There are 2 protein chains.
Amino acid sequence: MTRSQRPMRADAQRNRAHVLRTAADAFAVEGLSVPVHEIAKRAGVGTGTVSRHFPTKEALYAAVLLDRMGELSGYADTLATEHDPGTAFFALFTRLIQEGATHRGLAEALAGSGFDIEAAASAAGCNVSDRLRRLLTEAQAAGAVDPAVTFADLKALTAGCLAYDGPDPDRVIEVICRGLRPVSG
Amino acid sequence: MTRSQRPMRADAQRNRAHVLRTAADAFAVEGLSVPVHEIAKRAGVGTGTVSRHFPTKEALYAAVLLDRMGELSGYADTLATEHDPGTAFFALFTRLIQEGATHRGLAEALAGSGFDIEAAASAAGCNVSDRLRRLLTEAQAAGAVDPAVTFADLKALTAGCLAYDGPDPDRVIEVICRGLRPVSG
DNA sequence: GAATAATCGGGACGACTGTCCCGGATACGA
DNA sequence: TCGTATCCGGGACAGTCGTCCCGATTATTC
């Protein structure tokens with residue numbers, strides 16, 4: 001329980017990070033059905049290495065998702081400090097939908113396994129939901145977003161949105177964002 | 001090639017229809033990962049029965065999807081004759097998103113297997129895409145939908161949309177529909 | 001530089017799923 | 001009512017995937 005029970009060996013850290021990146025890419029491109037053996041092969045490590053860092057496949061899902069949420073949290077913080085509320089909100093929201101498109105399925109698979117991703121993210125200090133909620137409130141106060149829009153609406157729009165990766169995915173986001181703006185313009 | 005090579009036996013027809021309904025429910029509730037054995041058990045038939053009517057699991061996917069498309073086509077035709085273009089368009093679009101939420105994954109799984117669902121639907125005379133395209137054109141002519149919206153946009157919005165089944169999914173659809181209407185109101 | 005403990009690689013095992021097959025049962029036509 | 005072709009049930013088989021384990025290797029510490 002002493003916080004430094006022992007630092008991870010350097011090569012182990014490298015391997016873990018590399019596997020995580022490889023898994024993220026594989027899941028994004030081919031979905032969750034990619035075998036663990038295949039991820040290990042692509043990462044250039046043995047299956048045992050993957051198994052040790054991530055005891056089950058679900059643990060691998062969770063780690064990938066937490067990693068992305070950490071990155072998104074940083075992006076959200078940057079936006080909040082560098083832009084006005086409306087701009088920041090729409091930028092984050094757009095990014096979340098794009099991420100949701102890529103990593104759809106992932107959160108879903110975890111939800112079905114009794115893993116609370118929100119709680120895990122909060123514990124890690126990278127809760128994206130809280131940041132989006134705050135930006136929504138601020139953007140509405142600034143008149144950039146329709147006051148009738150609720151946080152639940154946003155969750156619904158981002159949570160499982162947009163598998164279609166056609167020629168022009170940005171058009172879709174544009175349509176949705178237009179629906180969020182105040183009616184008067 | 002004589003068109004009545006032999007009608008299917010009555011019990012076989014019943015079984016086929018029952019398996020199809022059971023499979024549709026199972027896929028909708030639990031996703032595509034439901035084993036064929038499980039579907040057979042729930043339908044109260046043996047695995048051989050499922051296997052004969054639908055030689056592979058993909059054939060089962062395709063049959064379920066074609067069945068839904070047939071129903072949706074009928075709905076589209078009803079709407080087109082009983083309502084004005086704008087109303088009919090939004091009603092069909094809403095329904096398509098709801099269906100897309102339920103049977104997401106399905107079309108996707110088929111697309112990855114070289115099965116052309118659009119062509120199959122056209123052959124069966126139940127091409128929903130064509131009906132949606134026509135309604136879009138008419139609704140735009142009637143001033144109910146923004147002229148800048150393209151059919152590709154609609155496909156993107158419906159194709160893989162909305163896995164989230166929270167407390168109020170209709171709000172999501174409302175937001176999207178508002179984004180489709182003309183800017184002037 | 002050597003001892004030690006952590007980590008690695010990849011094969012093995014068990015569980016699961018899709019597909020096929022065969023003896024028994026049943027609906028259809030005469 | 002009876003014969004026959006069709007269909008049904010469920011067990012068997014093969015392939016795949018997730019997980020675990022062991023001997024070899026390598027980073028870390030003294």
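As the structure is a prediction and not an experimental result, all values here were calculated from the model. Residue numbers start from 1 in every chain, and the chains themselves are labelled A, B, ... in the order their sequence lines are given, proteins ahead of strands.
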| task | Take atom CZ of A:Arg16 and atom P of C:dA6, then tell me their distance rounded to the nearest Å. | result | 18 Å
| query | B:Lys41 has an atom NZ; how far is it from atom P of C:dT17, in whole Å? | reply | 10 Å
| said: Can you measure A:Leu60 atom CG to D:dC17 atom P for me and round it to whole angstrom units? | reply: 15 Å
| field | Salt-bridge contact A:Glu71-A:Arg95 (side-chain N to carboxylate O under 4.0 Å) | value | yes
| request: Look at B:Asn15 and D:dC7 and indicate whether a side-chain polar atom (N or O) is within less than 4.0 Å of OP1 or OP2. | output: no
| What is the distance, rounded to the nearest whole Å, between atom CZ of A:Arg42 and atom C1' of C:dG9? | 19 Å
| N-O pairing of B:Arg134 and B:Glu138 below 4.0 Å | no
| field | Between D:dC8 (C1') and B:Gln13 (CD): distance, integer Å | value | 16 Å
| query | Could you write nucleotides 19-30 of chain D as a row of B, S and -, 5' to 3', where a protein heavy atom under 4.0 Å of any base atom gives B, of only sugar-phosphate atoms gives S, and otherwise -? | reply | BBB----BSS--
| request: Please state how far atom CD in B:Glu38 lies from atom P in D:dG10, giving the value in whole angstrom units. | output: 14 Å
| Atom NE2 of A:His18 and atom P of C:dG9: how far apart are they, to the nearest Å? | 11 Å
| task | Can you see which heavy atom on B:Gly179 is nearest to which on A:Arg178, and at what distance? | result | O-NH2, 2.7 Å
| field | Pair A:Glu174 + A:Arg181: basic N to acidic O under 4.0 Å | value | no
| task | Whole angstrom is fine here: how far is it from CG in A:Leu32 over to P in D:dC17? | result | 14 Å
| task | Compute whether any side-chain donor of one residue and acceptor of the other, for B:Thr87 and B:Asp84, lie under 3.5 angstrom apart. | result | yes
| So, A:Asp77 and A:Arg131, do they make that salt bridge, N to O below 4.0 Å? | yes
